[in-house]
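Take a look at the structure below.
Order of the sequence lines fixes the chain letters, A, B, ..., with proteins taken first and strands second; residue numbering starts at 1 for each chain. Below, all heavy atoms of this structure are taken into account, side chains as well, without hydrogens, waters or symmetry copies.
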Amino acid sequence: VFAWSEIISAHANYGLNCLAFGLFGQMVQAPVQPDTHAYVAILKTCASAETFVNGLIIHFHIMGSVHEADLFVGNALINMYVKCGALKDACIVFDKLARRDVVSWSTMITGYTQQMCCQEAMVLFEAMQREGVEPNNVAWNAIISGYAQSGDCEEALCFYNRMLLSGREPDNFTFVSVLNACSNVAVIDQGRLIHADITEAGYGSDVYIRSAMIDMYAKGGSLEDVHNVFTGDKIQNAVTWTAMMAAHALQSDYTKVMHYFKGMQQEGWSPNNVTFVCLLSACGHMGLVEDALEHFSSMRKVYGIDPTQEHYNCLLDLLGRAGFFHEINEIFESMPEGLN
RNA sequence: GAUAUUAAGCCUCUA
């Protein structure tokens with residue numbers, strides 16, 4: 001059992017979901033009775049909409065067994081249902097749990113915020129405390145990022161302040177969420193206060209926080225602050241460079257978008273899939289059809305990135321605007337199955 | 001040996 005569980009969770013951690021599921025099947029047929037660790041590992045690989053059926057199969061395996069009462073298995077089941085968008089099923093598992101820890105609660109809170117139900121998430125957050133479970137950073141971050149994603153700056157900041165008052169130290173998850181919440185002109189001054197908190201807390205040179213700040217100032221209309229954040233630290237990566245491309249695309253300054261794309265490559269950073277969305281979009285706005293086609297083909301050939309729906313959208317849009325109907329058909333025919 | 005929270009991104013229309 002130990003060996004099977006170990007090899008299954010190794011595959012799960014590398015994202016080899018299909019292989020992990022196959023191994024789980026072999027384990028059952030061996031026959032070896034899976035333990036709680038094996039169930040947790042395999043449920044993790046079923047936590048996405050495409051693998052929902054697998055998740056259901058595993059749940060049927062668990063039903064009626066001793067593992068049904070296990071807290072870790074229960075939490076993994078809740079997570080599986082939440083990530084598959086089956087909130088009702090997550091609720092059923094949650095309600096049946098004999099014991100609920102902070103993980104059970106925060107998984108459910110995430111489930112509600114992902115369905116754009118922040119009000120219900122907040123109710124759960126309060127109920128958790130009434131049941132004597134103290135929120136940890138993950139629980140605070142879950143509710144804050146929920147409000148941030150729904151654009152509710154006021155509530156996000158309210159929970160951020162409550163978190164501080166409760167004596168918890170915000171981490172980089174917290175800061176990125178609060179920065180997201182402050183990413184529009186109306187609340188950019190609040191964003192500046194968060195920026196000060198970040199500096200004081202010693203997170204000012206974290207590349208991910210800096211890219212969130214670049215994004216915030218761009219959306220808040222302050223290009224000066226965008227540049228200050230970018231140049232304020234010498235350490236960059238593909239994400240900060242791409243954030244600069246996106247920031248200038250927001251101002252419709254596509255020449256600058258290209259400038260940062262070149263800078264990124266000169267500094268030896270490989271563009272990622274988001275970089276290519278910015279780049280193709282900029283080519284579209286500048287009418288650079290040939291360049292766009294070249295960049296598009298370099299994605300897979302040079303960088304090994306499979307184009308996604310967004311990349312095809314950009315490319316087809318710019319080809320359409322330029323009247324390249326022959327190329328549109330060619331690209332359209334070459335699109336992989338499953339894209340809409 | 002374990003399960004939960006965060007990053008930057010397209011087009012169209014509403015304008």
Next on the checklist: Less than 3.5 Å apart, any donor N or O on the side chain of D35(A) or S5(A) sitting next to an acceptor on the other?
Outcome noted: yes
Item to check | Nearest-neighbour nucleotide for the T110(A) side chain, rU6(B), rA4(B), rA8(B) considered | outcome: rA4(B)
Checklist entry - Taking atom types as they are modelled, is there a donor-acceptor pair under 3.5 Å from the base of rA2(B) to the side chain of D35(A)? => result no
Item to check | Side chain of H285(A) (C-beta onward), nearest among rU5(B), rG9(B), rC11(B) | outcome: rC11(B)
Checklist entry - For rA8(B), does OP1 or OP2 lie under 4.0 Å from any side-chain N or O of N180(A)? => result yes
Next on the checklist: Under the criterion side-chain hydrogen bond (donor to acceptor under 3.5 Å, both in side chains), I'd like the reasoning laid out for S177(A) against N180(A): C-alpha separation, chi angles, the key distance, then a yes or no.
Outcome noted: CA-CA 5 Å; S177(A) 296; N180(A) 265 334; 5.8 Å; no
Next on the checklist: If you go through the side-chain atoms of D101(A), does one of them form a donor-acceptor pair with the base of rA4(B) closer than 3.5 Å?
Outcome noted: no
Checklist entry - At under 4.0 Å between heavy atoms, what does N313(A) touch on the DNA or RNA strands: base, sugar-phosphate, or nothing? => result base
Checklist entry - How long is the line joining CZ of F2(A) and P of rA2(B), in whole Å? => result 11 Å
Checklist entry - Touch check for S145(A), heavy atoms < 4.0 angstrom, all strands: base, sugar-phosphate only, or nothing? => result sugar-phosphate
Checklist entry - Just wondering, are more than 12 heavy atoms of other shown residues or ligands nearer than 6.0 Å to CE in M335(A)? => result yes
Next on the checklist: Please determine whether a side-chain nitrogen or oxygen atom of H311(A) lies at a distance below 4.0 Å from atom OP1 or OP2 of rC11(B).
Outcome noted: no
Item to check | Interatomic distance, D215(A) atom CG to T242(A) atom OG1 [nearest 0.5 angstrom] | outcome: 12.0 Å
Next on the checklist: Can you identify which nucleotide, out of rA4(B), rG9(B), rA8(B), has its nearest atom closest to the V277(A) side chain?
Outcome noted: rG9(B)
Next on the checklist: Using OP1 and OP2 only, check whether a side-chain N or O of K44(A) sits under 4.0 Å from rG1(B).
Outcome noted: no
Next on the checklist: Taking atom types as they are modelled, would you say the side chain of S106(A) forms a donor-acceptor pair with the base of rA4(B) within the 3.5 Å cutoff?
Outcome noted: yes
Next on the checklist: Regarding T240(A), tell me which of base, sugar-phosphate or nothing describes its non-hydrogen contacts under 4.0 Å with the strands shown.
Outcome noted: nothing
Next on the checklist: Taking the minimum atom-to-atom distance to the side chain of A246(A), which one of rG9(B), rU5(B), rC10(B) wins?
Outcome noted: rG9(B)
Checklist entry - Between W105(A) (CH2) and rU3(B) (C1'), how many Å, whole number? => result 17 Å
Checklist entry - Tell me: OH of Y112(A) to C1' of rU5(B), nearest whole Å? => result 18 Å
Next on the checklist: Please classify the nucleic acid contact of Q114(A) as base, sugar-phosphate, or nothing, using heavy-atom distances under 4.0 Å.
Outcome noted: nothing
Next on the checklist: Without decimals, in angstroms, what is the distance between E310(A) CD and rA8(B) P?
Outcome noted: 13 Å
Checklist entry - May F72(A) be described as stacking on the base of rA2(B), applying a 5.5 Å centroid limit and a 30° limit on plane angle? => result yes
Next on the checklist: What is the separation between atom CE on M80(A) and atom P on rA4(B), rounded to the nearest whole Å?
Outcome noted: 13 Å
Checklist entry - Taking CG from D215(A) and P from rA8(B), how many angstroms apart are they, rounded to a whole number? => result 6 Å
Item to check | Rounded distance (Å) that lies between atom C1' of rU5(B) and atom CE of M163(A) | outcome: 10 Å
Checklist entry - Is a side-chain N or O of H67(A) found less than 3.5 angstrom from the main chain of P34(A), in a donor-acceptor match? => result yes
Next on the checklist: As a test of reading the structure: which of rA2(B), rC10(B), rU3(B) is closest to the side chain of N79(A), going by heavy atoms?
Outcome noted: rU3(B)
Checklist entry - When we call it a touch if two heavy atoms are under 4.0 Å apart, what does S5(A) touch: a base, just sugar-phosphate, or nothing? => result base
Next on the checklist: Distance check needed: rU6(B) C1' versus F159(A) CZ, whole Å only.
Outcome noted: 17 Å
Next on the checklist: If you take the centroid of each ring, where Trp contributes its six-membered ring, are W140(A) and F125(A) closer together than 6.0 Å?
Outcome noted: yes
Item to check | Side chain of V102(A) - closest among rA2(B), rA4(B), rA8(B) | outcome: rA4(B)
